[in-house]
Protein chains: 2
Amino acid sequence: MITNRLRELREQQMQNATTPGAWTQEGLGKRVGVSRQTIIAIEKGTYNPSLELAFKLARAFGVTIETIFTYRGDEHEP
Amino acid sequence: MITNRLRELREQQMQNATTPGAWTQEGLGKRVGVSRQTIIAIEKGTYNPSLELAFKLARAFGVTIETIFTYRGDEHEP
DNA sequence: ACTTAACGTAAAGTCTACTTGACATATAAA
DNA sequence: TTTATATGTCAAGTAGACTTTACGTTAAGT
């Protein structure tokens with residue numbers, strides 16, 4: 001199972017940002033070349049991004065993939 | 001575009017390995033829960049793995065995703 | 001010569017990431 | 001109150017990741 005800190009990171013950027021609208025869901029989508037709905041779905045956990053999109057997102061935030069996404073191997077335990 | 005060092009890393013493991021067959025394409029496939037053909041296709045570059053499979057592969061080799069996979073943003077230059 | 005292990009390839013099918021389009025809600029500003 | 005911005009949701013379609021099955025090759029061992 002994969003979880004992510006996309007919303008958290010995006011909101012950090014929104015606060016520090018000089019250009020308004022640059023880090024909205026739509027702005028981020030344009031930045032990494034996907035639709036707004038795709039960003040929403042990933043933030044919500046509806047599905048996981050492709051490896052390529054994961055790279056683009058990591059690059060957009062200037063961090064590694066592992067900083068945004070966390071993989072837990074165990075499928076069951078709470 | 002995404003490239004990977006899967007074959008390189010796998011062959012390193014094959015040399016250092018104690019258990020034969022553990023790091024063959026089939027062995028690696030079983031280890032990360034995909035078919036042998038999937039490993040072949042990724043090594044060959046036919047397609048990119050899902051983010052989840054990328055995590056499993058990184059974990060299998062004990063490295064980060066960025067160690068195995070490299071993303072180049074520029075689509076054109078040679 | 002025969003067998004076995006490892007690698008490669010191709011076809012058809014399933015599942016999911018991602019798209020477009022349309023409609024709904026909340027908040028803040030004019 | 002109206003307008004604009006940002007977020008959320010649903011539906012139908014396309015593309016790509018992955019599967020199973022099956023057959024072919026090459027090198028090593030016996």
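Here is how names work: the chains are called A, B, and so on, in the same order as the sequence lines, proteins then strands, and each is numbered from 1.
A:Ile42 pairs with exactly one of A:Asn4, A:Ile68, A:Asn48 by the side chain to side chain contact (heavy atoms under 4.5 Å, CB included) rule, that one being A:Asn4.
Looking at the side chain of B:Ile42, the nearest of the listed nucleotides C:dC18, D:dC18, D:dG8 is D:dC18. Side chain of B:Thr24, nearest nucleotide from D:dT7, C:dA6, D:dT19: C:dA6. Looking at the side chain of A:Val34, the nearest of the listed nucleotides C:dA22, D:dT20, C:dC18 is C:dC18. Of the candidate nucleotides D:dT9, D:dT19, D:dC18, D:dC18 has the atom nearest to the side chain of B:Pro49. Of the candidates C:dT9, D:dG8, D:dC18, the closest approach to any side-chain atom of A:Arg7 belongs to D:dG8. Nearest nucleotide to the B:Thr38 side chain, out of D:dT19, C:dG8, D:dT7: D:dT19. Residue B:Gln25 places its side chain closer to C:dC7 than to any other of C:dC7, D:dT7, C:dT20.
In this structure, B:Phe61 CZ and B:Arg31 CZ are separated by 8.5 Å, a value rounded to the nearest 0.5 Å. To the nearest 0.5 angstrom, A:Lys56 atom NZ is 11.0 Å from A:Leu51 atom CG.
Atom CD of B:Gln13 is separated from atom C1' of C:dA6 by 18 Å (rounded to the nearest Å). One interatomic measurement links the two molecules: CD1 of B:Ile39 to P of C:dA5, which rounds to 20 Å at whole-angstrom precision. Rounded to whole Å, the distance from CG on B:Leu53 to C1' on C:dT16 is 14 Å. Computed from coordinates, the A:Lys30 NZ to C:dT20 P distance equals 12 Å when rounded to whole Å. Atom-to-atom, CD of B:Glu43 to C1' of D:dC18 comes out at 16 Å; the value is rounded to the nearest Å. The distance between atom CD of A:Glu26 and atom C1' of D:dT9, rounded to the nearest whole Å, is 16 Å. Straight-line distance from the CZ atom of B:Arg10 to the C1' atom of C:dG8: 12 Å, rounded to whole Å. Atom C1' of nucleotide D:dT26 and atom CD1 of B:Ile40 are separated by 14 Å, given to the nearest angstrom.
Shown here for A:Glu66 and B:Phe55, the closest heavy-atom pair between the two residues is CG-CE2, 4.1 Å.
Residue contacts shown for B:Gly33 are limited to sugar-phosphate atoms, with no base heavy atom under 4.0 Å away.
Place B:Arg36 and B:Ser50 on DNA chain D by their nearest nucleotides, and B:Ser50 ends up nearer the 5' end.
Under 3.5 Å, the side chain of B:Gln37 and the base of D:dT21 form at least one donor-acceptor pair of N or O atoms.
With salt bridges taken as basic N to acidic carboxylate O contacts below 4.0 Å, one links A:Arg7 and A:Glu43.
At the phosphate of D:dT9, OP1 or OP2 sits under 4.0 Å from a side-chain N or O atom of A:Lys44.
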